[in-house]
Amino acid sequence: MQHLSAFALFAALDPEQDRRYSAQCSIADFDENELILDFEDETHDFFAIVSGQIRVILRIATGREMILGEIGEGSFFGELAAIDGSSRSANITALFRTRLLRVPQTVFIDILRENPEVALTLMRFMSQRIRGLNTRLAEHSFLAAKYRLYAELIRLSRPRKGHDGQRAVSPPPVQQDLAERIGCRREVVSREIARLEREGIIERTRGAIILARMGELNRRLTEGWDHGSK
């Protein structure tokens with residue numbers, strides 16, 4: 001039996017609550033690229049990621065889709081539908097072989113009612129996600145596509161070991177994925193990536209996109225915000 005208390009969200013469950021609620025959950029396994037939830041899915045269960053990684057895709061009213069991001073082991077999704085019983089707000093796909101803990105909606109709601117600390121932890125997690133979405137909403141409202149690309153590359157990057165001041169995006173995302181993340185055509189991303197590489201601001205290797213001149217990339221992003229606010 002996979003215990004709920006193994007996840008940070010449910011760490012406040014006492015042993016009795018953990019055993020009782022965990023026994024009502026189930027394990028679900030998904031293969032690489034397998035659809036987990038569609039927009040039209042009518043279930044309202046909550047999911048915690050035991051292992052693997054999933055991609056979250058938002059579909060807007062016009063039918064266009066946008067990649068919101070990926071989340072992995074220890075994280076969760078499906079909380080909105082579980083809380084309010086509404087339809088799913090996103091499409092969820094397994095990026096790799098993924099194992100999920102499925103928590104029935106009724107069990108999830110009972111946990112929140114019985115354990116206020118879990119409910120408070122959930123609110124903190126959701127606050128972080130809302131802040132991130134607000135940032136992306138502002139970018140789409142005020143920034144041109146090339147500046148949104150700069151912001152997304154910085155967001156996806158991590159410090160590059162042994163190279164102070166540099167960051168790396170690894171593995172390097174395909175250009176179509178970058179375009180879907182920032183809401184533009186692939187050709188726009190391709191053209192701007194090539195220009196950044198010619199200017200030495202980024203470097204492309206087999207295993208990563210290196211953000212070699214972070215100061216200049218941040219300067220250009222600030223320039224984009226300055227222009228967008230006028």
Side-chain angles (χ1 to χ4, degrees), residues 1-61 63 65-134 136 155-156 171 173 177 180-181:
M1 180 174 65
Q2 175 69 47
H3 283 273
L4 285 165
S5 60
F7 299 91
L9 175 60
F10 299 110
L13 291 175
D14 64 41
E16 189 278 329
Q17 291 173 332
D18 189 24
R19 287 192 298 271
R20 174 160 44 92
Y21 287 124
S22 297
Q24 300 177 66
C25 301
S26 61
I27 291 292
D29 290 308
F30 295 87
D31 291 324
E32 181 178 353
N33 296 322
E34 184 176 353
L35 180 67
I36 297 172
L37 290 175
D38 195 6
F39 301 98
E40 299 178 354
D41 191 291
E42 296 182 353
T43 65
H44 302 104
D45 294 339
F46 171 92
F47 295 87
I49 304 174
V50 179
S51 61
Q53 189 175 40
I54 61 98
R55 169 168 287 172
V56 184
I57 300 176
L58 175 69
R59 180 185 294 164
I60 60 177
E65 297 181 354
M66 175 183 293
I67 298 174
L68 292 183
E70 293 82 28
I71 55 176
E73 181 176 331
S75 193
F76 59 86
F77 60 92
E79 69 278 6
L80 296 182
I83 290 171
D84 65 12
S86 62
S87 58
R88 298 291 181 181
S89 61
N91 171 299
I92 307 292
T93 302
L95 284 180
F96 313 108
R97 176 76 175 168
T98 297
R99 169 164 286 193
L100 303 175
L101 182 66
R102 181 192 295 266
V103 184
Q105 181 191 24
T106 54
V107 174
F108 183 67
I109 296 300
D110 285 346
I111 292 173
L112 298 183
R113 286 172 171 163
E114 185 175 348
N115 195 307
E117 281 300 316
V118 174
L120 181 59
T121 302
L122 175 64
M123 286 190 284
R124 288 172 176 153
F125 276 121
M126 293 180 70
S127 295
Q128 293 173 3
R129 291 184 178 181
I130 291 169
R131 290 177 190 276
L133 290 173
N134 284 345
R136 298 191 66 170
R155 187 160 37 238
L156 292 172
D177 281 356
E180 291 179 3
R181 287 175 181 273

Using atom types as modelled, flag every donor-acceptor pair under 3.5 Å from a side chain in residues 101-110 to any protein atom, sequence neighbours excluded.
from: Arg102; atom 1: NH1; to: Asp45; atom 2: OD2; distance (Å): 3.3
from: Gln105; atom 1: NE2; to: Ala82; atom 2: O; distance (Å): 3.0

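Looking at heavy atoms from C-beta onward, Asp29 lies out of side-chain contact with Thr98 at the 4.5 angstrom threshold. Contact annotation: the side chain of Met126 approaches that of Ile83 to within less than 4.5 Å [non-hydrogen atoms, C-beta and beyond]. At a threshold of 4.5 Å between non-hydrogen side-chain atoms, the residues Ile71 and Gln53 do not count as touching. Looking only at side-chain heavy atoms (C-beta outward), Arg99 and Gln2 stay at 4.5 Å or farther from each other. Looking at heavy atoms from C-beta onward, Leu9 lies out of side-chain contact with Glu79 at the 4.5 angstrom threshold. Here the side chains of Ile36 and Phe77 are in contact, with some heavy-atom distance below 4.5 Å.
For CD of Glu16, the number of neighbouring non-hydrogen atoms (other residues, nucleotides, ligands) closer than 6.0 Å is greater than 12.
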| query | Where do Leu35 and Phe30 land on the side chain to side chain contact (heavy atoms under 4.5 Å, CB included) test, with the steps shown first? | reply | CA-CA 8 Å; Leu35 180 67; Phe30 295 87; over 6 Å; no
| task | Kindly determine whether Arg55 and Glu180 satisfy salt bridge (Lys or Arg N to Asp or Glu O under 4.0 Å), including the steps that lead there. | result | CA-CA 12 Å; Arg55 169 168 287 172; Glu180 291 179 3; 5.8 Å; no
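Closest non-hydrogen pair, Leu156 versus Arg181, comes out as CD2-NH1, 3.7 Å.
With ring centers used as reference points, Phe125 lies under 6.0 Å from Phe76.
Side-chain contact of Arg88 with Thr43: a donor-acceptor pair under 3.5 Å is present, judged by distance alone.
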